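Small disclaimer: the values here were computed from a predicted structure and weren't measured. Convention: sequence-line order gives letters A, B, ...; per-chain numbering from 1.
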Amino acid sequence: MNLILDGIAWILDPANQTGPGGWFARLGEQLAYTFGAVAIAAIIAIPLGYLVGHTGRGRDVAVSLSGGFRALPSLGVLILLGLGLGIGFRAPLITFVILAIPPILAGAYAGFEAVDRKTIDAARAVGMTEGQIVRQVEVPLGLPLLIGGIRSGVLQVVATATLAAYVSGGALGAFIFEGVATRNYSETLGASILVTLLALILEGVFALIQKLVVPRGVVAREIKEVRTVSSRPRAAVGSPIQEGK
Amino acid sequence: MKWLESNFELVWQLTLAHIALSVPPIVIGFLISIPIAWVANRYRVSRGTILVVLGLLYTIPSLPLFIFMPIVLGTPLLSSVNVSVALTIYAVALMVRTAADGLESVDKDTLLAASAMGYSAWQRFWRVELPLSGPVLLSGLRVVSASTVSLATIGSVVGVTSLGYLFINGFQRNIAAEVITGIVAVLVIAVVFDLILVLLGRVVLPWSRRERTGSTRASRRQAALLSGGVS
């Protein structure tokens, strides 16, 4: 417990906060990586995911892509790009974009797929064009799942951005590595606490956003209470027809 | 290729170390998550609480978690137990949600039928609920396996031997081939684990192969599963 107090003391020490090497600046770098990488990934993955979700083509490729990338070791990719591009911010940023694409892609197409086919048929039947169906039906209904995908992309990147310091890319990991190298455990711990708090706060913010973007009156999600709905039609039990009334 | 030829022994040793580091978390995580998921489903209050708490656990980035572990466990800083326990925590955090969904997805009528035929709650769980939720559990386990194998590499940053050693050593000595070998080796382990799990699923759950027609719900669940989760 004393060690944790040391870590908190490190965070609260003004000498560690301001200046180019302080944790305020490093926190800014961590956030810049996170939102920069997620924004770039979103520009690539959302149109692609919508295309897959709307047409249904290339679905298997998208599924295996988003599943297979999970096994890709981010540290290895970061270091490989670091060797190729040199130290600095470029290698980490590209790594994080690669990391953020699969969850956002999955969120985008899962959002479209979760829309009831009957709803889309109905939209077509009332004369909507394909573009209108995408913009006015599929996008709003699939938004919660898309935000869910962005949320896990953000969390994945904010966690992995800690490794950027390994190729001299800055961010909060710099303190962790420095502390490990100089056996300054309170510095390592202080930075670890900061990263964890940052991740938890972002998780909370996105959980809130995800709740807010649900279109009023509709939830485009899989029915959760599967058990409460019987799969088989019930025997018809009604009040008997009363004749002569 | 040349680098691999001259260092094959090292890569092989690291591969074995990596497997030894990642298998226990996958297995133990799976075993722990089933009873937790059952308790989560049993009561309305516990479901929300348990799933939220575990979701937050999964939010903790891996490097800080490896660093917190010695304080929590009282183990030495460089002990591989730190990484194993941290990976188990992630496995549980990831698996409980899927397991809870899987147990919940079993048709309620089937459970009522089992009770009506005289199954006790205990028998019903083992012979009806658990086997029928098998396909969902398997899909969750595959995700856990892939993410554990990948996360184990980060252990090498805190000095625990795994294939991540190739990344760090390759960076220090500026050998790209070494880093690439490491990435490929991790991916090969992940694919082999995945194949083993799929085969295991076919042996243990022979009925799930024929159920191709009901695959839209399964594939939607898979998509939802993939869009969730963090490293």
Please state whether the side chain, the backbone, both or neither of L163(B) comes within less than 4.5 Å of a heavy atom of chain A. neither
Chain B contact via L72(A) - side chain, backbone, both or neither, heavy atoms under 4.5 Å: both
Min side-chain heavy-atom separation S152(A)-Y58(B) under 4.5 Å: no
Could you go through the side-chain contact (heavy atoms from CB on, under 4.5 Å) check for T160(A) and I154(B) one step at a time? CA-CA 10 Å; T160(A) 322; I154(B) 296 176; 5.7 Å; no
Of all residues at least two apart in sequence or in a different chain, which pass the ring-ring contact (aromatic ring centres under 6.0 Å, His included) check with Y166(A)? F177(A), F171(B)
Heaviest contributor of heavy-atom pairs below 4.5 Å to chain B, chosen from L194(A), L197(A), L189(A), T162(A), is L189(A)
Distance from R173(B) atom CZ to L83(A) atom CG, nearest 0.5 Å? 12.0 Å
In residues 75-82 of chain A, which residues are in contact with chain B at a heavy-atom separation under 4.5 Å? L75(A), G76(A), V77(A), I79(A), L80(A)
If I measure from the heavy atoms of chain A, does L63(B) come under 4.5 Å with its side chain, its backbone, both, or neither? side chain
Taken to the nearest 0.5 Å, the spacing of Q156(A) CD from T59(B) OG1 works out to 12.0 Å
Does Y185(A) OH have over 12 foreign heavy atoms under 6.0 Å away? yes
Contacting moiety of I193(A), where chain B heavy atoms sit under 4.5 Å: both
Under a 4.5 Å heavy-atom cutoff, which of L56(B), I67(B), L65(B) has the most pairs with chain A? I67(B)
Within residues 182-196 of chain B, which positions have a heavy-atom distance to chain A below 4.5 Å? I183(B), V186(B), L187(B), A190(B)
Give me the atom names and distance for the closest heavy-atom approach of S150(B) to A71(A). CB-O, 3.4 Å
For the atom pair CG (L200(A)) and CG (L57(B)), what is the distance rounded to the nearest 0.5 Å? 9.5 Å
Counting heavy-atom pairs under 4.5 Å with chain B, the top scorer among G204(A), G173(A), A191(A), A199(A) is A199(A)
Hey, what do you get for CG (D6(A)) to CD1 (I71(B)), rounding to the nearest 0.5 Å? 9.0 Å
Rounded distance (nearest 0.5 Å) linking atom OG1 of T153(B) with atom CG of L163(A): 8.5 Å
Residues at least two apart in sequence or cross-chain that pass side chain to side chain donor-acceptor pair (under 3.5 Å) with S186(A), listed by chain then number, are N184(A)
